[in-house]
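Written below as structure tokens is the structure these notes are about.
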Amino acid sequence: MKPRLAALLVPVLLALAGCTATTGGEGPAAGPTRAARPSPFADCATLTTAPDATPAPTGSATTDTGGPLPELVLSCFTGGAPVALRDIHGPAVINVWASWCPPCRKELPAFQRLSVRAAGQLQVIGVNSRDSRDGAQAVGEDFGIRFPVLFDQGEALQRELRRTAVPLTLLVDAQGRIRHTDTSGALDDARLADLVRRHLGLVVPA
């Protein structure tokens, strides 16, 4: 009877000691996993939805164009249907960035402010390039980035544009043509407002 009594006492002693017994070699990973953090970025469904009315340019725009956006399909950071770049309804400002790029992190808040100030006039879209999802999500959370972000781990867009450096910003008109490609470094509010006015003919507050 003594061995049987000892066997009955073992679970009680383990509970008192604050331990958890495991069976079949299962460790902590066998328990419920932590739920993934919600994405800070907006959904991409609106990117290909035609607006009620295309905003009319309020200023003069330059005529230099780089042709249409490449025929690429990129995944949305928040999931859902992939987005064909040529289906994006302009005007739009597309910013290619990465969490490991200091100038990208410096300018992202200015793009977020532009997305708020220019709502209804143009779309602000991010393209996260050659990055990890965790790194991109952390930057989005830290800087309060809320505009839609596409995920381009293989740098497909940069290869099509024959551009290697980030940050990279494209200004796209209502017809989907690239009116300007900017690689001048971290952009601030005033510089962004000037680029939008000069290349898209739209006036937004700086």
Side-chain angles (χ1 to χ4, degrees), residues 39-51 54-55 65-99 101 103-131 133 135-137 139-141 143-161 163 165-183 186-187 189 191-193 195-197 199-202 204:
S39 171
F41 310 119
D43 183 79
C44 301
T46 59
L47 298 183
T48 56
T49 302
T54 302
T65 65
L69 285 166
E71 290 189 26
L72 288 176
V73 177
L74 299 178
S75 60
C76 180
F77 197 94
T78 59
V83 176
L85 295 188
R86 289 199 175 179
D87 289 342
I88 289 175
H89 285 277
V93 175
I94 301 176
N95 177 243
V96 184
W97 63 278
S99 65
C101 160
C104 300
R105 296 197 302 271
K106 183 178 180 180
E107 70 177 5
L108 274 171
F111 282 90
Q112 172 58 29
R113 290 188 291 269
L114 176 67
S115 73
V116 173
R117 288 194 297 261
Q121 290 184 276
L122 57 81
Q123 300 197 85
V124 174
I125 304 163
V127 175
N128 183 248
S129 178
R130 196 159 57 88
D131 207 348
R133 292 189 66 88
Q137 169 127 351
V139 168
E141 292 169 343
F143 294 108
I145 306 305
R146 299 292 179 261
F147 51 79
V149 173
L150 302 174
F151 199 56
D152 185 15
Q153 192 172 16
E155 299 180 275
L157 177 57
Q158 289 163 267
R159 291 200 309 270
E160 288 289 334
L161 298 172
R163 306 276 183 165
V166 289
L168 169 68
T169 299
L170 307 176
L171 284 91
V172 181
D173 67 15
Q175 289 72 46
R177 298 172 300 181
I178 300 173
R179 302 300 297 260
H180 178 71
T181 302
D182 192 274
T183 56
L187 300 173
D189 296 84
R191 175 69 174 150
L192 269 175
L195 289 173
V196 168
R197 178 186 58 79
H199 300 289
L200 298 180
L202 299 173
V204 296

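Taking Phe77 as the reference, Phe41, Phe151 meet the ring-ring contact (aromatic ring centres under 6.0 Å, His included) condition, with sequence neighbours excluded. In this structure Glu160 satisfies the salt bridge (charged side-chain N to carboxylate O under 4.0 Å, His left out) test with no other residue, sequence neighbours excluded. For Pro103, the side chain to side chain contact (heavy atoms under 4.5 Å, CB included) partners two or more places apart in sequence, or in a different chain, are Cys101, Pro167, Ala186.
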side-chain contact (heavy atoms from CB on, under 4.5 Å) assessment of Val93 paired with Val172: CA-CA 6 Å; Val93 175; Val172 181; over 6 Å; no

side-chain contact (heavy atoms from CB on, under 4.5 Å) between Val83 and Ile88, worked out: CA-CA 8 Å; Val83 176; Ile88 289 175; 4.0 Å; yes

Test side-chain contact (heavy atoms from CB on, under 4.5 Å) applied to Thr169 and Val96, step by step: CA-CA 6 Å; Thr169 299; Val96 184; over 6 Å; no

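Going from atom CG of Leu85 over to atom CG of Leu47 covers 9.5 Å, rounded to the nearest 0.5 Å. The line from CG of Leu200 to CG of Leu171 is 4.5 Å long, rounded to the nearest 0.5 Å. Rounded to the nearest 0.5 angstrom, Leu168 CG and Ile94 CD1 are separated by 9.5 Å. With values rounded to the nearest 0.5 angstrom, Ile145 atom CD1 is found 12.5 Å from Gln137 atom CD.
Under the 4.5 Å side-chain criterion, counting only non-hydrogen atoms from C-beta, Asp173 is not in contact with Pro91. Counting only heavy atoms from C-beta outward, the side chains of Val166 and Trp97 never approach each other to under 4.5 Å. Inter-residue side-chain proximity for Leu157 and Leu72 is flagged as met; some heavy-atom pair is nearer than 4.5 Å.
Nearest approach of Leu161 to Pro70, heavy atoms of both residues: CD2-CG, 4.1 Å. The two residues Leu202 and Gln121 come nearest to each other via the heavy atoms CD1-O, 3.7 Å. Residues His180 and Asp182 come closest through the heavy atom pair NE2-OD2, 3.4 Å. Residue Asp43 comes nearest to Thr46 through the heavy atom pair O-OG1, 4.2 Å, listed as atom of the first residue, atom of the second, then distance. Heavy-atom minimum distance, Cys44 versus Leu150: SG-CD2, 3.8 Å.
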Ignoring hydrogens and angles, write down the donor-acceptor pairs under 3.5 Å from the side chains of residues 104-114, residues two or more places apart or on other chains.
unit_1, atom_1, unit_2, atom_2, d
Arg105, NH1, Ser99, O, 2.5
Glu107, OE1, Leu187, N, 2.8
Glu107, OE2, Asn95, ND2, 2.9
Gln112, OE1, Arg146, N, 2.8
Arg113, NE, Asp189, OD1, 3.3
Arg113, NE, Asp189, OD2, 2.9
Arg113, NH2, Asp189, OD1, 2.8

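Residue pairs meeting the side-chain hydrogen bond (donor to acceptor under 3.5 Å, both in side chains) criterion with at least one partner in residues 70-87, sequence neighbours excluded, are Glu71-Arg86. Residue pairs meeting the side-chain hydrogen bond (donor to acceptor under 3.5 Å, both in side chains) criterion with at least one partner in residues 148-158, sequence neighbours excluded, are Ser129-Gln158, Arg130-Glu155.
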